[in-house]
There are 4 protein chains.
Amino acid sequence: MINTDSHRRQRRKDARPAELAAAALALFVEKGFAATRLDDVASRAGVSKGTLYLYFDSKEALFRAVIEESIVPMIGEVEAMVEQFKDDPAHLLRSLLVFWWERIGSTSLAGTCKLMLCEAGNFPEVAVYLNERVIGPWHMLLNKVIEAGMQKGVFRQGNPESVRQMVFSPLLLQSVWQCSLHMCSGARPMPDNYFDTFFDVLFRGLLVEPTEESQR
Amino acid sequence: MINTDSHRRQRRKDARPAELAAAALALFVEKGFAATRLDDVASRAGVSKGTLYLYFDSKEALFRAVIEESIVPMIGEVEAMVEQFKDDPAHLLRSLLVFWWERIGSTSLAGTCKLMLCEAGNFPEVAVYLNERVIGPWHMLLNKVIEAGMQKGVFRQGNPESVRQMVFSPLLLQSVWQCSLHMCSGARPMPDNYFDTFFDVLFRGLLVEPTEESQR
Amino acid sequence: MINTDSHRRQRRKDARPAELAAAALALFVEKGFAATRLDDVASRAGVSKGTLYLYFDSKEALFRAVIEESIVPMIGEVEAMVEQFKDDPAHLLRSLLVFWWERIGSTSLAGTCKLMLCEAGNFPEVAVYLNERVIGPWHMLLNKVIEAGMQKGVFRQGNPESVRQMVFSPLLLQSVWQCSLHMCSGARPMPDNYFDTFFDVLFRGLLVEPTEESQR
Amino acid sequence: MINTDSHRRQRRKDARPAELAAAALALFVEKGFAATRLDDVASRAGVSKGTLYLYFDSKEALFRAVIEESIVPMIGEVEAMVEQFKDDPAHLLRSLLVFWWERIGSTSLAGTCKLMLCEAGNFPEVAVYLNERVIGPWHMLLNKVIEAGMQKGVFRQGNPESVRQMVFSPLLLQSVWQCSLHMCSGARPMPDNYFDTFFDVLFRGLLVEPTEESQR
DNA sequence: CATGAATGAGGTTTCATTCAT
DNA sequence: CATGAATGAAACCTCATTCAT
């Protein structure tokens with residue numbers, strides 16, 4: 001006969017590390033790494049402080065694990081975007097940005113972005129790793145799309161790096177901002193027509209021959 | 001005859017608080033508030049740990065003083081921008097952004113931006129104060145210019161908040177990024193044609209009747 | 001089967017605060033509050049410095065707890081004396097004084113008396129509290145007995161406050177003195193006939209019609 | 001021609017150590033030795049902190065000097081009392097106690113009494129010295145008077161130590177008490193008839209043949 | 001596995017002491 | 001002489017880490 005309790009406990013046990021990492025992420029994002037006490041992580045996860053050490057060797061290991069756990073899905077998401085590469089540069093660029101927002105910018109992974117922005121200086125190897133595996137590929141992907149659009153004569157000529165920052169900065173900053181200032185600006189959600197205006201202005205500025213459709 | 005030594009010491013004493021605050025700012029920006037040791041602040045400023053307490057009551061007071069010292073010039077800069085308000089919305093907007101970059105984004109005040117982004121959660125009152133005195137007015141100023149442009153029929157219709165983020169996020173993020181990742185991305189300066197492309201695309205997208213000149 | 005070790009540890013944990021407070025009291029009495037290092041308190045209690053902070057929020061909280069723990073039994077003792085109130089003023093007064101000496105003056109609570117005498121100026125609220133709950137009631141009790149004796153014509157007329165100091169000061173000072181000068185006067189115990197002479201002279205001076213018995 | 005300013009300054013300079021010691025005494029009595037900051041001593045004396053070190057080698061030296069300055073007059077007072085030794089034991093004892101109260105107990109020397117009671121443990125050599133030069137002689141003096149009275153058959157028989165404590169404790173404790181609890185019991189002055197009652201009861205209890213006069 | 005009492009290294013803070021002016 | 005800015009040893013206090021239960 002199968003012991004249901006044991007089942008639940010098993011599931012509980014397997015999920016532990018992820019629960020702990022989630023609690024840690026939330027607090028690291030809120031307070032920063034150094035200002036977060038393991039006591040608080042433990043009590044937020046509903047376990048005792050000692051339990052953390054059953055799953056992570058040290059506070060720093062916990063941090064790395066938290067980042068690691070976020071980086072893996074990020075890599076997945078970026079790779080998934082690369083797969084979707086198609087022929088219409090404008091449509092592709094828009095898709096990539098929407099995709100990023102939906103899969104990263106508006107999810108809990110946004111916290112990881114803030115965390116890296118703030119803690120990169122204290123964990124250089126982590127920053128380098130992240131740069132190599134996530135940020136670099138993602139920038140390269142955007143660059144490729146932008147350059148392809150320019151070469152095809154669909155996008156106007158210009159410095160692709162500059163264009164990349166134009167199209168991506170608003171999304172990234174918005175997602176980081178929401179992590180940081182949730183307490184003072186009231187964490188209002190983005191208005192529906194935010195993206196409409198964004199893409200409207202963006203593509204009218206970017207396209208050689210803007211059409212109404214291409215800006216939707 | 002004037003005693004030179006006494007002069008030097010006097011100047012030294014008067015300059016002390018600012019020197020200490022500068023050292024503290026640099027380290028707070030680099031490591032974050034909690035991860036910065038007062039030992040390090042002191043030795044970077046070339047004084048002993050105890051000396052800090054001659055000028056600041058506590059580590060937190062030092063932080064507030066550091067922010068305060070940055071906020072005052074920021075307020076000044078923002079107010080100076082308000083004064084320059086003129087009639088040509090496109091030219092004005094461009095001027096404001098260039099002004100911001102030259103007076104804030106590319107100066108040591110950029111560090112304060114990063115600091116607030118990272119530490120706002122740990123110093124809510126400071127964040128609120130900053131929001132009221134600097135961020136809010138600055139956003140309002142940009143919004144007013146954008147809305148005026150739209151009402152005059154110079155800018156195309158759209159969500160002004162969205163436009164504001166489009167035009168400002170790249171600058172802000174760039175300046176924060178340079179504070180954070182100086183170690184891994186090598187702190188390369190912005191390329192000359194960065195702003196050219198930025199404004200070219202931006203104003204072509206924004207203006208109802210774009211002309212070559214208006215985009216310069 | 002009962003786990004003895006667990007029992008011991010449990011007992012240990014429950015007893016900790018009292019053990020720590022006892023160690024602290026001893027050192028506070030010996031050196032004074034400010035001159036006592038928490039290191040010393042900890043090592044006298046056989047624990048590490050950090051352990052103190054598991055039970056008390058700060059050095060000052062430790063002080064308050066130490067006093068608190070002494071005040072409660074003092075209140076109990078004073079209330080117990082009030083209960084014993086009977087009819088023969090001379091006998092009652094003698095009983096009260098003997099009781100005070102046996103339950104307070106010659107016990108470890110004497111240290112608390114010295115502590116308050118020395119530290120009252122640094123902890124005014126504690127002094128006020130002690131005054132309201134212990135010293136005041138005790139003085140009132142003595143006063144009542146003395147005044148009752150005078151009204152009944154058993155004691156000679158006079159200023160009751162003055163009489164109270166006459167009868168109580170020698171005991172209080174003796175107990176404080178023994179806390180203070182244990183090192184230089186060798187902490188000799190009080191001689192057996194100390195009280196005999198004390199009460200003999202006291203009651204002969206106090207009673208309207210002194211008899212041999214009444215002075216025993 | 002005599003420079004008046006120089007005169008005043010001279011007097012000022014000569015008086016400096018005494019002024020500093022007075023400021024120190026006041027604070028040592030109020031807060032205790034360890035809790036008193038030299039900053040406070042200096043500012044109470046109206047000088048800078050460094051000036052203290054022109055007159056005293058260290059904080060401890062200051063303490064010793066403060067005690068020393070008090071002990072010398074005490075010794076003088078006690079010796080003056082010894083000189084007045086006369087034939088009527090009751091009158092003599094009363095004179096000694098009144099003398100002590102007027103010259104020590106009710107003066108600023110009372111603070112020194114409190115100080116020694118509280119700090120004796122932290123300065124054993126000072127305590128020993130004080131014991132040898134002041135406390136011992138004073139106790140011996142009282143003892144001699146009491147024993148003489150007993151041998152002459154003027155005082156009733158009993159333990160002279162006990163009698164000494166009876167007659168002296170109320171005065172000593174009263175003077176210390178006024179130093180300690182000035183803040184909570186309002187520092188009310190002793191009532192006029194305090195001594196009347198005190199001596200009335202005391203000598204009626206002490207004398208073999210009490211008379212009305214002898215108790216005045 | 002999980003706990004939480006205990007630890008002690010390391011941070012912040014205080015303050016007696018020094019010294020150039 | 002007098003000052004007060006500067007120092008650094010030593011205090012208080014925190015919290016990541018360990019380990020007996």
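For the pair B:Leu27 CG and E:dG11 P, the computed distance is 13 Å after rounding to whole Å. Going from atom CG of A:Leu20 over to atom C1' of E:dC1 covers 13 Å, rounded to whole Å. Taking atom CG of residue C:Leu38 and atom C1' of nucleotide E:dT7, one finds them 16 Å apart after rounding to whole Å. One interatomic measurement links the two molecules: CZ of D:Phe63 to C1' of E:dA16, which rounds to 16 Å at whole-angstrom precision. Straight-line distance from the CZ atom of B:Phe33 to the P atom of E:dT12: 8 Å, rounded to whole Å. If you take NZ of A:Lys59 and P of F:dT18, they are 15 Å apart, rounded to a whole angstrom. Distance CG (D:Asp57) to C1' (E:dA16): 13 Å, rounded to an integer number of Å. Taking atom OH of residue B:Tyr53 and atom C1' of nucleotide F:dA6, one finds them 16 Å apart after rounding to whole Å.
The backbone N or O of D:Val41 lies less than 3.5 Å from no partner atom in the side chain of D:Lys49, so there is not a single donor-acceptor pair.
For D:Thr51, the side chain to side chain donor-acceptor pair (under 3.5 Å) partners at least two apart in sequence or on another chain are D:Ser48. Residues satisfying the side chain to side chain donor-acceptor pair (under 3.5 Å) test with D:Arg37, not counting sequence neighbours, are D:Asp40. Considering only residues two or more places apart in sequence or on other chains, A:Ala22 meets the side chain to side chain contact (heavy atoms under 4.5 Å, CB included) condition with none of them. Residues forming a side chain to side chain contact (heavy atoms under 4.5 Å, CB included) with D:Ser58 (at least two apart in sequence, or on another chain): D:Glu60, D:Ala61.
Comparing F:dT7, F:dA11, E:dT12 by their nearest atom to the side chain of C:Arg37 picks out F:dA11. Out of E:dA6, F:dA16, F:dT3, the shortest distance to the side chain of C:Tyr55 is found at E:dA6. Checking F:dC12, E:dT12, F:dC13 against every side-chain atom of C:Ser58, the shortest atom distance belongs to F:dC13.
When each of C:Leu54 and A:Ser48 is assigned the nucleotide of DNA chain E bearing its nearest heavy atom, the one mapping closer to the 5' terminus is A:Ser48. Where B:Gly50 and C:Thr51 each meet DNA chain E at their nearest nucleotide, the meeting point lying more 5' is that of C:Thr51. Both C:Ala34 and B:Leu52 sit near DNA chain F, but only B:Leu52 has its closest nucleotide nearer the 5' end.
Contact annotation for D:Ser43: no contact, since no heavy-atom pair falls under 4.0 Å across all strands.
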Pairs under 3.5 angstrom only: tabulate donor-acceptor contacts from the side chains of residues 65-72 of chain C to other protein residues two or more places apart or in another chain.
from: C:Ser70; atom 1: OG; to: C:Val66; atom 2: O; distance (Å): 3.1
from: C:Ser70; atom 1: OG; to: C:Thr112; atom 2: OG1; distance (Å): 3.0

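At a cut-off of 3.5 angstrom, counting only N and O atoms as typed in the model, there is a donor on one side and an acceptor on the other between the side-chain of A:Lys49 and the base of F:dT17.
Between D:Arg16 and F:dC1 there is no side-chain N or O to OP1 or OP2 distance below 4.0 Å.
Taking the six-membered ring where the residue is Trp, C:Phe63 and C:Phe33 present perpendicular rings, their angle passing 60° and hence far from 30°.
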As a check on the pairing definition, encode DNA chain E in dot-bracket form, counting Watson-Crick and G-U wobble pairs whose two distances are under 3.5 Å, and using | for partners outside this strand.
.||||||||||||||||||||
